[in-house]
Amino acid sequence: MIEDLRRLEEDALAAILAAVDADELEQIRVRYLGRREGLVSGLLRRLGSLAPSDRPAAGAEANRVKKAVAAALEGRLEQVSATEVHGGGDPDLTLPPRRKWRGTIHPVSRVIDDIWAIFRSLGFTRARGPEVDSEWYNFVALNTPLDHPAADEQDTLYLGRGLLLRSHTSPVQIRTMELYPPPIRIIAPGMVYRRDTYDATHTPAFAQIEGLVVDEGVTFVDFKATLAEFARRFWGPGTRVRFRPSFFPFTEPSAEVDVKRVIVREDGTEEETDWIEIMGAGMVDPAVLENVGYDSERYTGWAFGMGPARVALLRHGVRDLRLFYENDMRFLAQFA
Ligand code: DAH
């Protein structure tokens, strides 16, 4: 009996040493020390079959084994739970707790949302088109011949068989006018692609927002007034807007639009920024209207294309456009 007890003790200690977690130790405790089914209790139940003179020694040995196994269990439990919680050693109470992860709207998306909200309140609807488009929609229908520099392989990412990654959101003008008769008042945000250098002011994929209005009697004055209203709502009442003559194949006349903002310093004094270009724009070329089957004698329109990432740069005083497209969370988390 005493030998049996010692063998049990040896087995139990070996199992305890090999155990890796609290669950396993609990199973070992039940197996050896469990009151009903435990192996030590099982042996003790045979105590009555021993000669009365052998019983005290066997009983004492059984108690010693019980205590030894219980102590070994406790010691090992301390070891494995230390490993489970903090990889061994003492916990470092100075460590910060794990932060809750909260998503935020990307700063470029937020600019798009804010611009869209203003135009929506002015009666515009939202439109979109595919990022993979054809030469017809991206260039030809927009009055841009395929031998124009913009259509060159140096600038545009061609996919073969007349398909390409759209180089601007202007093809959405064509797609919208093909689907709907005038009046048209749309805002079309989306990603565009160019074979560009990758530097602080250029990225090969970037967001654009297209605007288009077509109706009877629409003039450049409507355009200037709408743009001025937009700029003042977006950048503040003191904002000034300037139109510089420019050229785009799909507008005549064409303009580049600059804004000059008023910044209020902390001491209350005001400061005007430099003129900053925000968009290309113009009156829709009659040839474009004819390409979608609109009567260019009856209808006129204006359009613009704007870069929301550049607007986000201004808004946040960021100098490098790439930061907005690399999605490094250390950068983006600032805009929470
Ligand atoms: N599509 C032009 C570009 O990507 C921007 C532009 C200029 C859009 C004039 C227009 C516009 O709608 O009228 O550079």
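Counting starts at 1 for both ligands and their atoms, in listed order. Excluded from the calculations below are hydrogen atoms, water molecules and symmetry mates; all remaining heavy atoms, backbone and side chain alike, are included. Note that this is a predicted model, so its numbers are computed, not measured.
- Salt bridge status for Arg242 with Glu256: absent, with no side-chain N to carboxylate O gap under 4.0 Å.
- Contacts with ligand 1 closer than 4.0 Å are made by side-chain heavy atoms of Ser170 only, the backbone lying farther away.
- Closest of all the heavy-atom pairs between Asn143 and Phe250 is CB-CA, 4.5 Å.
- With salt bridges taken as basic N to acidic carboxylate O contacts below 4.0 Å, none links Lys260 and Asp274.
- The pair Arg29-Glu26 meets the salt-bridge criterion, with a side-chain N (NZ, NE, NH1 or NH2) lying under 4.0 Å from an Asp/Glu carboxylate O.
- If you number the atoms of ligand 1 from 1 as listed, the ones under 4.0 Å from a heavy atom of Phe248 come out as 7 (C), 9 (C).
- The Thr251 neighbourhood of ligand 1 comprises atoms 13 (O), with distances under 4.0 Å to a heavy atom of that residue.
- Of the N or O atoms in Ser167, none lie within a sub-3.5 Å distance of an N or O in ligand 1.
- Using a 4.0 angstrom heavy-atom cutoff, Arg194 counts as in contact with ligand 1.
- Here's the thing with Gly211: none of its N/O atoms is less than 3.5 angstrom from an N/O atom of ligand 1.
- Contact annotation: Trp302 has no heavy atom less than 4.0 Å from any atom of ligand 1.
- Note on Asp133 versus Arg175: salt bridge recorded, some NZ/NE/NH1/NH2 to OD/OE distance being below 4.0 Å.
- A cation-pi arrangement, defined by a distance under 6.0 Å to the six-membered ring centre and an angle within 45 degrees of its axis, is present between Arg322 and Tyr198.
- Salt bridge status for Arg110 with Asp113: absent, with no side-chain N to carboxylate O gap under 4.0 Å.
- If you check which protein heavy atom lies closest to atom 5 (C) of ligand 1, you get Gly305 CA, 4.0 Å.
- Scanning the protein for heavy atoms near atom 12 (O) of ligand 1, the closest one is Glu210 OE2, 2.6 Å.
- The pair Glu229-Arg233 counts as a salt bridge, with a side-chain nitrogen and a carboxylate oxygen less than 4.0 angstrom apart.
- When each atom of ligand 1 is checked for a heavy atom of Gln173 under 4.0 Å away, the hits are 12 (O).
- Taking 4.0 Å as the cut-off, Met306 does not count as a neighbour of ligand 1 on heavy-atom distance.
- Numbered from 1 in the order shown, with element, the atoms of ligand 1 that lie under 4.0 Å from a heavy atom of Gly282 read 13 (O).
- Listed by number with element, the atoms of ligand 1 under 4.0 angstrom from any heavy atom of Gln208 are 3 (C), 4 (O).
- In this structure, Phe119 has its ring center closer than 6.0 angstrom to the ring center of Phe230.
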